[in-house]
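Worksheet: one structure, shown below.
Computed from a predicted structure; not experimentally measured.
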Amino acid sequence: MHKDIKKILISEEQIRSRCDELGKQITEDYGKEGRTPLLVALLRGSVPFLAELIKHIDLDIQYDFMDVTSYAGTKSTGDIKILKDLDTSIEGVDILLVEDIVDTGKTIKSVKELLMNKGARSVKVVTLLDKPSRRTEDVNPEYCGFEVEDLFVVGYGMDFDQKYRCLPYIGVLKDELYQ
């Protein structure tokens with residue numbers, strides 16, 4: 001365990017196992033409709049989740065990236081900024097938005113609306129973590145890895161001021177690091 005981590009909430013093995021389950025469900029859901037989604041991962045936090053998840057989806061998927069931010073330190077600012085848009089045309093495409101964590105729901109709501117306005121046929125969300133206690137928007141991910149309580153978490157792509165993203169698990173930092 002990293003010296004700055006107070007506790008591990010979700011282990012690397014738990015994440016891998018849940019990605020296997022999610023991948024099978026996504027394969028089944030899209031496969032029975034005869035559709036193949038374009039996975040759109042939100043940079044940077046969702047990259048480790050995307051990398052693990054795609055190993056478990058048995059469809060001929062493609063993926064693209066958007067860079068969207070709404071955080072400063074440990075708080076969501078509510079100000080959504082698109083720093084990088086898609087390189088792929090999404091007209092008539094089924095989108096599966098890959099997110100590291102759904103918190104207030106503001107980012108997901110904004111990105112979903114943007115993608116639908118660009119002509120996507122559908123937009124669904126798969127998130128590694130869901131924090132419904134913080135929700136301010138009426139959004140719910142169709143696929144969820146883990147529901148977590150209202151804690152600021154790091155690891156597996158999630159950061160604190162750009163640190164701790166590469167931890168292979170999800171943990172909580174020691175209190176003194178936030179001061």
Side-chain angles (χ1 to χ4, degrees), residues 7-33 35-59 61 63-71 74-76 78 80 93-116 120-160 164-165 167-172:
K7 68 178 176 179
I8 294 174
L9 291 180
I10 304 167
S11 72
E12 183 176 11
E13 180 52 42
Q14 288 173 298
I15 294 168
R16 190 177 308 115
S17 176
R18 186 66 181 126
C19 283
D20 182 54
E21 294 168 357
L22 288 169
K24 287 176 181 168
Q25 187 64 55
I26 290 165
T27 299
E28 180 182 324
D29 291 352
Y30 282 91
K32 72 181 175 192
E33 296 174 5
R35 296 184 176 178
T36 302
L38 170 68
L39 275 66
V40 174
L42 298 183
L43 294 173
R44 300 177 195 146
S46 69
V47 171
F49 177 45
L50 173 70
E52 185 61 36
L53 181 64
I54 61 176
K55 296 176 196 176
H56 306 281
I57 298 175
D58 191 18
L59 298 167
I61 57 170
Y63 55 87
D64 200 346
F65 299 93
M66 291 180 74
D67 194 354
V68 179
T69 187
S70 67
Y71 271 83
T74 64
K75 301 289 182 204
S76 176
I80 308 302
V93 173
D94 293 302
I95 303 291
L96 182 56
L97 196 55
V98 181
E99 180 63 295
D100 55 353
I101 187 166
V102 176
D103 193 330
T104 63
K106 289 179 182 179
T107 300
I108 289 298
K109 181 179 180 185
S110 295
V111 173
K112 282 180 81 167
E113 288 173 359
L114 173 72
L115 295 173
M116 289 304 293
R121 180 183 336 181
S122 68
V123 180
K124 293 182 179 180
V125 177
V126 58
T127 186
L128 178 58
L129 300 180
D130 189 16
K131 201 185 287 186
S133 65
R134 300 243 322 135
R135 198 82 81 242
T136 60
E137 300 295 328
D138 186 22
V139 295
N140 293 297
E142 284 79 7
Y143 305 97
C144 175
F146 303 92
E147 190 173 302
V148 293
E149 51 189 287
D150 188 13
L151 297 168
F152 188 81
V153 294
V154 297
Y156 218 82
M158 289 165 275
D159 71 297
F160 175 62
Y164 311 105
R165 284 190 193 278
L167 296 175
Y169 51 79
I170 296 166
V172 177

Apply side chain to side chain contact (heavy atoms under 4.5 Å, CB included) to Glu99 and Thr107, showing your working.
CA-CA 10 Å; Glu99 180 63 295; Thr107 300; 4.2 Å; yes
Working to the nearest 0.5 Å, report the span between [atom1] of [X] and [atom2] of [Y].
X: Ile54; Y: Ile26; atom1: CD1; atom2: CD1; value: 11.5 Å
X: Leu96; Y: Leu53; atom1: CG; atom2: CG; value: 7.5 Å
X: Ser122; Y: Leu97; atom1: OG; atom2: CG; value: 11.5 Å
X: Asp103; Y: Thr127; atom1: CG; atom2: OG1; value: 10.0 Å
X: Arg165; Y: Leu167; atom1: CZ; atom2: CG; value: 11.5 Å
X: Leu42; Y: Leu50; atom1: CG; atom2: CG; value: 10.5 Å

Would you please test Val125 and Val139 for side chain to side chain contact (heavy atoms under 4.5 Å, CB included) and show each step?
CA-CA 10 Å; Val125 177; Val139 295; over 6 Å; no
Quick one: does [X]'s side chain get under 4.5 Å of [Y]'s, heavy atoms only?
X: Ile15; Y: Pro168; answer: no
X: Phe49; Y: Leu22; answer: yes
X: Ile170; Y: Leu128; answer: yes

Minimum heavy-atom separation for Pro48 to Gly45, with atom names?
CD-O, 3.6 Å
Closest heavy-atom contact between Val102 and Pro141?
CG2-CG, 4.4 Å
Take Val172 and Leu9 through the side chain to side chain contact (heavy atoms under 4.5 Å, CB included) test and state the conclusion after the steps.
CA-CA 7 Å; Val172 177; Leu9 291 180; 3.7 Å; yes
Step-by-step salt bridge (charged side-chain N to carboxylate O under 4.0 Å, His left out) determination, Asp130 to Arg135:
CA-CA 9 Å; Asp130 189 16; Arg135 198 82 81 242; 2.5 Å; yes
Those residues that, when tested against [X], pass salt bridge (charged side-chain N to carboxylate O under 4.0 Å, His left out) (two or more places apart):
X: Glu28; value: none
X: Asp20; value: Lys24
X: Glu137; value: Lys109
X: Glu33; value: none

Sequence neighbours left out, what passes side-chain contact (heavy atoms from CB on, under 4.5 Å) with [X]? Give chain and number order.
X: Val93; answer: Leu38, Ile90, Ile95
X: Thr136; answer: Thr104, Lys106
X: Asp58; answer: Thr27
X: Leu114; answer: Met66, Ile82, Lys118

Inspect the surroundings of OH in Tyr169 and state if more than 12 heavy atoms from other residues, nucleotides or ligands are less than 6.0 Å away.
yes
Contacts of Ser11 meeting side-chain hydrogen bond (donor to acceptor under 3.5 Å, both in side chains) (sequence neighbours excluded), chain-then-number -> Gln14
Output all residues satisfying side-chain hydrogen bond (donor to acceptor under 3.5 Å, both in side chains) with Thr36, sequence neighbours left out; order by chain, then residue number.
none
For residues 43-55, which residue pairs pass the side chain to side chain donor-acceptor pair (under 3.5 Å) check, not counting sequence neighbours?
Arg44-Gln162, Glu52-Lys55, Glu52-His56
Sequence neighbours left out, cut at 3.5 Å: what donor-acceptor pairs do the side chains of residues 149-158 make with other protein atoms?
none

May I have the step-by-step check of side chain to side chain contact (heavy atoms under 4.5 Å, CB included) for Tyr30 and Ile61, ending in yes or no?
CA-CA 11 Å; Tyr30 282 91; Ile61 57 170; over 6 Å; no
Check: Arg18 side chain, Gly145 main-chain N or O, donor-acceptor pair, under 3.5 Å
yes
